[in-house]
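Step one of this worksheet: look at the structure below.
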Amino acid sequence: MNSRLSSIIRKEFIQILRDKRTLVLILVIPVMQLFLLGYSTTNDVRNVALAVVDQSLSSESRQLVDAFRAADYFEISHSPASEDVLGELIDSGQAKAGMIIPPTYAQDVANGTAQVAFIIDGSDPTIAATSLSAAQLIGQNAATKILMAKINRTGGQILPPVEIRTTVWYNPDMVSAYFMIPGVIGMILFAITAILTATAVVRERERGTIEQLIVTPIRPWELVLGKILPYTILALFDTLEVLFIGHVWFHIPIRSSLILIVGISSIFLLSGLGIGLFASTIANTQQEAMLTVWMTLLPSIFLSGFFFPIEAMPGFLQLISYAIPLRYYLSIIRVLLLKGVGLSAITMDVIALTLFGIFIMGAASLRFRKRLD
């Protein structure tokens, strides 16, 4: 490394250390995002408020209520006396679901014709879908127990004609954090490198120091590399920071080689650095640079599979997602952390990520050099 390049890198690090806001953005914000998304962004709905109208008041109805109480999906919060009160509870949001057990429930169970009404508040689709699935599963288990009890009393025996035995690989407990936290790594890498690179270059232009750098013997490529290399190092530090906290605090497995994870993360950095560098050639102020980066950051987050499955999107949005580098990185990092595969299993995604990075970084560098000229 020549003296000119090392001087630019040293200058950039000194400027970062002097700027407290930048330090907070680099070191603290990723940890805050990790904890916020790790705890808040989850589809594991538990303790849904359930109101039960038990008109039967029999041992059979109490067994059914106990079955719902034992499952951690529901919390029996109210026992209204009538269906009208139940409707008021759901209308006001005090209850998200309601169950109505008819007066003839015990007799209907003995006859094998029992029916129970289960009402779900569909204003929140996530809670409604979980409540529906849980209610159906609890009802089926309760029905099976009643049927088996009858068979045992008569001394008969019945075997199910089909038995499906399920096994969940890689994430047996289906913890949402195992899916979200690897995505946080990609989002942090993309945001940190793009935003800080764009604002760092524009900051020089705002302060009038870019002209001083241009008239020095520093070559354009040395200036570009010297400006982006410190943020590359800091972004990789953030990656290791999030990996460490995710592994220790959230128990996220790290089943692949750490060297492979860091190496592919470095390739992904080319895309973020290129977008930040390109934004710096368009913007004249730091605010403009931030807005330019956010114009690419938001579509990347929503169309990359970070929040919503790509398979659930309309066809034209799925096609657009192929042009988003974050899509490939999220697919890679989740596979590496959870499945522990080698490079051969992710070759196509790595090639696509590399091509995107080279193209974006190359185009941004050429435009930046022309801007300097």
Side-chain angles (χ1 to χ4, degrees), residues 42-169 171-179 309 311-312:
T42 175
N43 292 323
D44 301 331
V45 180
R46 294 289 188 271
N47 299 320
V48 176
L50 174 65
V52 178
V53 179
D54 188 356
Q55 299 173 340
S56 176
L57 298 176
S58 60
S59 60
E60 288 83 359
S61 66
R62 285 193 294 271
Q63 290 176 0
L64 180 62
V65 174
D66 289 341
F68 277 85
R69 183 181 286 112
D72 60 352
Y73 289 100
F74 297 101
E75 178 182 0
I76 299 178
S77 56
H78 299 85
S79 298
S82 65
E83 298 180 18
D84 293 336
V85 178
L86 172 63
E88 293 175 359
L89 290 172
I90 295 178
D91 290 341
S92 63
Q94 298 181 57
K96 294 295 183 181
M99 183 167 62
I100 303 174
I101 304 176
T104 59
Y105 177 76
Q107 182 180 353
D108 293 340
V109 167
N111 296 331
T113 59
Q115 294 183 347
V116 173
F118 199 89
I119 304 166
I120 299 174
D121 181 359
S123 59
D124 188 329
T126 301
I127 296 178
T130 302
S131 300
L132 177 61
S133 300
Q136 290 175 339
L137 180 61
I138 295 171
Q140 290 172 359
N141 288 336
T144 301
K145 290 180 180 179
I146 294 172
L147 181 61
M148 295 303 296
K150 288 183 177 179
I151 294 173
N152 291 333
R153 285 196 299 268
T154 58
Q157 185 178 8
I158 185 171
L159 294 176
V162 178
E163 183 180 5
I164 299 176
R165 298 185 178 182
T166 60
T167 302
V168 180
W169 287 7
N171 186 7
D173 297 327
M174 291 183 284
V175 181
S176 295
Y178 285 19
F179 181 81
E311 295 79 7

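Nothing fancy with the numbering, it's 1 onward along the sequence.
- Partners of Phe179 by ring pair (Phe, Tyr, Trp, His ring centres under 6.0 Å), not counting sequence neighbours: none found.
- Listed by chain and residue number, Leu137 satisfy the side-chain contact (heavy atoms from CB on, under 4.5 Å) test with Asn141 (two or more places apart in sequence, or in another chain).
- Among pairs with a residue in residues 79-106, none fulfils ring pair (Phe, Tyr, Trp, His ring centres under 6.0 Å), at least two apart in sequence or across chains.
- Each ring pair (Phe, Tyr, Trp, His ring centres under 6.0 Å) pair with one or both residues in residues 108-143, not counting sequence neighbours, appears once here: Phe68-Phe118, Phe74-Phe118.
- If you take CD1 on Ile120 and CD1 on Ile127, they are separated by 11.0 Å, rounding to the nearest 0.5 Å.
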Determine all donor-acceptor pairs shorter than 3.5 Å in which one atom belongs to a side chain in residues 47-55; sequence neighbours excluded.
residue, atom, partner, partner atom, Å
Asp54, OD1, Ser56, N, 3.1
Asp54, OD1, Leu57, N, 3.0
Asp54, OD1, Ser61, OG, 3.2
Asp54, OD2, Ser61, OG, 3.0

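- Every residue was checked against the side-chain contact (heavy atoms from CB on, under 4.5 Å) condition with Pro172, not counting sequence neighbours, and none meets it.
- By the side-chain contact (heavy atoms from CB on, under 4.5 Å) test, Thr113 is found to be paired with Asp108, Asn111, residues two or more places apart in sequence or in another chain being considered.
- A salt bridge (charged side-chain N to carboxylate O under 4.0 Å, His left out) check over residues 72-84, counting only residues at least two apart or in different chains, returns the pairs Arg46-Asp72.
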Using residues 85-102 as the side-chain source, report each donor-acceptor pair under 3.5 Å to any protein atom, sequence neighbours left out, with the distance given to one decimal.
residue, atom, partner, partner atom, Å
Ser92, OG, Glu88, O, 3.0
Ser92, OG, Leu89, O, 3.1
Ser92, OG, Gln94, NE2, 3.1

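- Summarising the geometry, atom CD1 belonging to Ile138 is positioned 11.0 Å from atom OG belonging to Ser133; distances are rounded to the nearest 0.5 Å.
- Here Arg69 pairs with Val65, Asp66, Ile76 under the side-chain contact (heavy atoms from CB on, under 4.5 Å) rule; sequence neighbours left out.
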